[in-house]
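To start, the structure itself, in structure tokens.
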Amino acid sequence: CNNRLFERTSIGESKENTTLDGQGSGAPIQVIVNDVSITGFRVVHSSEDGGLILTSVGNCLITNNIAEYNSLNGIVLRSSSSQNTISNNLVRYNTYDGIAFWTGNSNNEVLDNDVVENGAYGIIIQSSNNNTVRQNNVVRNHWAGIVIDSSKYNLVVNNSFAYNTNNTYPLAGAIWI
């Protein structure tokens, strides 16, 4: 699957009615340019890192989407993405993590998401600094709700936890409020 969104702002009809399906052969949405807004999509069945992937980008807004049933993760930031906002999404039933930051991501905000019943972690920030995770509902994730690993100066505030195997697993690098 190789969905290409040619506009800087891509808006689906509604997250319940506009489905981008990776069909097990790719990521439904990959953002590789700055200043992109993605809203109103349901992304499913990715065979890559995530259903919605941001790679080395800044100033993007990912809001009001559903990321579910992906073979690895729901929403992924990788390779030095910064100044992005992930908000008001429903991220559930992904094989591994709901929302994942991998290596070198900074100054991003994750807020007001429902992160539910993912196979490993609800939200994981790994090797990434100065991010904010706030006001998320993190429920029934298999290994842990929120994990901060090998990172510095991340702010985790006012999140709600319920029925995760471990609500938090703060290895290092976060200010928990």
Side-chain angles (χ1 to χ4, degrees), residues 1 15-16 19-31 38-55 60-79 81 84-103 105 108-128 131-151 154-174 176:
C1 173
K15 62 185 176 187
E16 292 83 12
T19 298
L20 297 176
D21 190 335
Q23 300 177 343
S25 65
I29 298 176
Q30 292 190 48
V31 178
I38 304 289
T39 188
F41 292 96
R42 177 176 171 255
V43 292
V44 298
H45 305 129
S46 170
S47 64
E48 293 196 23
D49 264 357
L52 202 157
I53 301 171
L54 284 75
T55 303
C60 294
L61 175 63
I62 307 302
T63 188
N64 203 28
N65 299 288
I66 298 172
E68 63 183 357
Y69 302 110
N70 293 291
S71 64
L72 292 177
N73 309 299
I75 298 173
V76 176
L77 271 70
R78 61 183 182 190
S79 304
S81 292
N84 299 293
T85 301
I86 300 170
S87 66
N88 296 304
N89 299 288
L90 173 58
V91 186
R92 65 181 178 188
Y93 312 138
N94 297 291
T95 303
Y96 288 99
D97 306 323
I99 299 172
F101 286 19
W102 304 131
T103 310
N105 299 291
N108 297 290
E109 189 167 35
V110 178
L111 71 143
D112 296 323
N113 298 285
D114 292 316
V115 185
V116 181
E117 292 190 49
N118 295 287
Y121 305 123
I123 299 170
I124 181 169
I125 296 179
Q126 188 168 44
S127 301
S128 297
N131 298 288
T132 300
V133 179
R134 67 181 171 96
Q135 296 174 290
N136 298 284
N137 295 312
V138 185
V139 179
R140 286 193 175 97
N141 295 286
H142 184 69
W143 291 348
I146 297 177
V147 173
I148 309 293
D149 184 23
S150 302
S151 302
N154 293 288
L155 178 63
V156 181
V157 61
N158 293 336
N159 295 282
S160 298
F161 299 95
Y163 309 110
N164 299 291
T165 302
N166 297 290
N167 285 328
T168 60
Y169 193 68
L171 298 177
W176 298 81

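All values below were derived from every heavy atom in this structure, side-chain atoms included, with hydrogens, water molecules and symmetry-related copies excluded.
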Quick check: does any side chain N or O of [X] sit under 3.5 Å from a backbone N or O of [Y], one acting as donor and the other as acceptor?
X: Asn108; Y: Asn84; answer: yes
X: Asn113; Y: Val110; answer: no
X: Ser46; Y: Val43; answer: no
X: Asn65; Y: Phe41; answer: yes
X: Thr95; Y: Asn70; answer: yes

Quick one: does [X]'s side chain get under 4.5 Å of [Y]'s, heavy atoms only?
X: Asn159; Y: Val133; value: yes
X: Ile146; Y: Val138; value: yes
X: Leu52; Y: Val76; value: no
X: Ile62; Y: Leu54; value: yes
X: Asn137; Y: Val116; value: no
X: Asn164; Y: Trp143; value: no
X: Tyr121; Y: Asn141; value: no
X: Asn118; Y: Tyr93; value: no

I need the minimum non-hydrogen distance between [X] and [Y], along with the two atoms involved.
X: Asn94; Y: Ala67; result: ND2-O, 3.2 Å
X: Pro28; Y: Asp21; result: CG-C, 4.3 Å
X: Ser71; Y: Ser47; result: OG-CA, 3.2 Å
X: Ser81; Y: Thr55; result: OG-C, 3.7 Å

### Task
Flag the pair Glu68 and Arg42 as a salt bridge only when some basic side-chain nitrogen lies within less than 4.0 angstrom of an acidic carboxylate oxygen.
yes

### Glu117/Arg92 ion pair, N-O < 4.0 Å
no

### Message
Working to the nearest 0.5 angstrom, can you tell me the gap between Asn131 CG and Ile125 CD1?
### Response
5.0 Å

## Note on the structure
Exactly one of Ser128, Ser127, Ser151 clears side-chain contact (heavy atoms from CB on, under 4.5 Å) with Phe101, and that residue is Ser128

### Task
For a side-chain contact (heavy atoms from CB on, under 4.5 Å) with Ile86, tell me which candidate from Ile75, Leu111, Leu61 qualifies.
Ile75

#### Entry: Test side-chain hydrogen bond (donor to acceptor under 3.5 Å, both in side chains) applied to Arg78 and Thr103, Asp49, Asn105, the passing residue
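Exactly one option meets the side-chain hydrogen bond (donor to acceptor under 3.5 Å, both in side chains) with Arg78, and it is Asp49.
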
Between [X] and [Y], a side-chain donor and acceptor under 3.5 Å:
X: Ser87; Y: Thr63; value: yes
X: Asn88; Y: Asn64; value: no
X: Gln126; Y: Asp149; value: yes

